[in-house]
Amino acid sequence: MFAWRSLLLASMFLCSESLAIAPKVLIVNMFTDEASAWFNIPEFNILAKNVTVPGLSPLFPQVHCTKDGSICQLITGEGEVNAAASVSTLVHSPLFNLRTTYFLIAGIAGVNPKVTTIGSVTFARFAVHVGLQFEIDAREIPKNFSTGFFPQGTTAPGQFPTILYGSEVFEVNDNLRQVAYQLAKTAESQLNDTADCVAARKPYAAVHNFTAAGNTPSVVLCDTATSDTFWSGSRIGEAFEGTTGVFTNETGTYCTTQQEDSATLNALLRGALAGRVDFSRIIVMRSASDFDRPPPTEDALTSLLGPAPGFPTSLLNLHIAGVKVVEGIVSQWKETFECGVKATNYVGDIFGSLGGIPDFGPGSLFGGKGAKV
Ligand SMILES: *[C@@H]1O[C@H](CO)[C@@H](O)[C@H](O)[C@H]1NC(C)=O
Ligand SMILES: *[C@@H]1O[C@H](CO)[C@@H](O)[C@H](O)[C@H]1NC(C)=O
Ligand SMILES: *[C@@H]1O[C@H](CO)[C@@H](O)[C@H](O)[C@H]1NC(C)=O
Ligand SMILES: *[C@@H]1O[C@H](CO)[C@@H](O)[C@H](O)[C@H]1NC(C)=O
Ligand SMILES: *[C@@H]1O[C@H](CO)[C@@H](O)[C@H](O)[C@H]1NC(C)=O
């Protein structure tokens, strides 16, 4: 009797697992424009199969897939809470088996003109949760503070946080990042650019520190910073450059700015701990839509509220560069990707939850062995 019941349960489990969609690539977008960059493209039809997943954003209740389910797309909704909730929902959904799936975060972002320019497509090794800090209003800060933001548990900017929540820094597989970068590079000469973008770069390119902002769009290796607050300005840009340095022990490059990636990575880390995803199969791609600070000819508010000529270009370039990564993974699945691209760097969070010793922060909370779940 009991044996029969467990046999029945086991076969139901196997059955539902085998019906689950197991994409080779899951494209993770945050809002409509990023998502529609992948609609009506020549390479594949991501709208051939729609799967309603209970618990996703009411604005984006369906995961879109190609007919064979090899490529799918999640639209998380914007901001940290939407990203965390949507990614978590999908990761734990019985409708999907994401254990060997590659995650391609494909979003637009602000960009630091010291590193690159609008239209560029970047691949990050670190996602730094720069918004996770103490903050006092700039009008009330001590005279000798360079910014109102300072790490939790500290007494001033520039100190390492003594209170950690766990999402301060995520590090992804650098070998996979290099593979994705090389694939995207094959489309570098086709990246979109416009006369309006060229004009917008001019006042930056004239500044000694911002010469990188004067270049044409390229494919770049540099890191990303997350905050729910949509920040803009030279002072806050420099403050978060500092935060990125402190949180990553000066190994990360503050380059792109966005509102979700630390949240998405935290949800994927939880999924990895539950055996639902492989955290070494994540690619963090962000294309630059606007500068994170004004040129010297403009004030911060004008720059924030002004036109963003890089917006349509960054959306086009998500697809132009990103589709090379998607096609590369699908076409070289057996040879290169099915068994995984082995990471040789530390991969995971600041707590060492997945095992290994983080190469930033105070060390593993779990003696290098990872959390037992
Ligand atoms: C999937 O949903 C999109 C709209 O989100 C729609 O355009 C498309 O036709 C749908 N596909 C199918 C097969 O119903
Ligand atoms: C700022 O000044 C106060 C006292 O005047 C001092 O205790 C503190 O260390 C200074 N902080 C920084 C960041 O220099
Ligand atoms: C960029 O896209 C715009 C809008 O589709 C187009 O007019 C322009 O020619 C494109 N530029 C390049 C360099 O492809
Ligand atoms: C340019 O860089 C120098 C040295 O790194 C720094 O002192 C200066 O404030 C920077 N200027 C701007 C506009 O960022
Ligand atoms: C990172 O910097 C902090 C603060 O200086 C230090 O305590 C920690 O040991 C450093 N971690 C690594 C991996 O170097």
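None of the values given here were measured: they were computed from a predicted structure. When a ligand or atom number is given, it counts from 1 through the structure's own listing order.
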Near-ring test [Y]/[X], centroid separation under 6.0 angstrom:
{"X": "F337", "Y": "Y102", "value": "yes"}
{"X": "F150", "Y": "F145", "value": "yes"}
{"X": "F240", "Y": "F149", "value": "yes"}

One finds that the ligand 3 atoms under 4.0 Å from a non-hydrogen atom of L316 are 2 (O)
Hey, is E338 close enough to K24 for a salt bridge, meaning N to O under 4.0 Å?
no
State whether any protein heavy atom lies less than 4.0 Å from atom 2 (O) of ligand 3.
yes
Return yes when at least one protein heavy atom is under 4.0 Å from atom 14 (O) of ligand 3, and no when none is.
yes
Atom 4 (C) of ligand 1: the protein heavy-atom neighbour that sits closest, reported with distance to 0.1 Å
H64 CE1, 4.5 Å
Where is the nearest protein heavy atom to atom 5 (O) of ligand 2: which residue, which atom, and how far?
N144 ND2, 4.4 Å
Below 30° counts as parallel, above 60° as perpendicular, anything between as tilted: where do the rings of F170 and F279 land?
tilted
Looking only at N/O atoms, are N192 and ligand 3 under 3.5 Å apart anywhere?
yes
Any N/O pair D193/ligand 3 closer than 3.5 Å:
yes
Taking distance alone, with no angle check, do L47 and ligand 1 share an N/O pair under 3.5 Å?
yes
Numbering the atoms of ligand 2 from 1, which are under 4.0 Å from a heavy atom of A156?
13 (C)
Do the side chains of L318 and V121 get nearer than 4.5 Å, heavy atoms only?
no
Is any side-chain heavy atom of V87 closer than 4.5 Å to one of E260?
no
CZ/F291 to OH/Y204 distance, rounded to the nearest 0.5 angstrom?
5.5 Å
Atoms in ligand 1 with a heavy atom of A48 nearer than 4.0 Å:
13 (C)
Kindly identify the option in I46, T32, N50, V51 whose heavy atom sits closest to atom 11 (N) of ligand 1.
N50
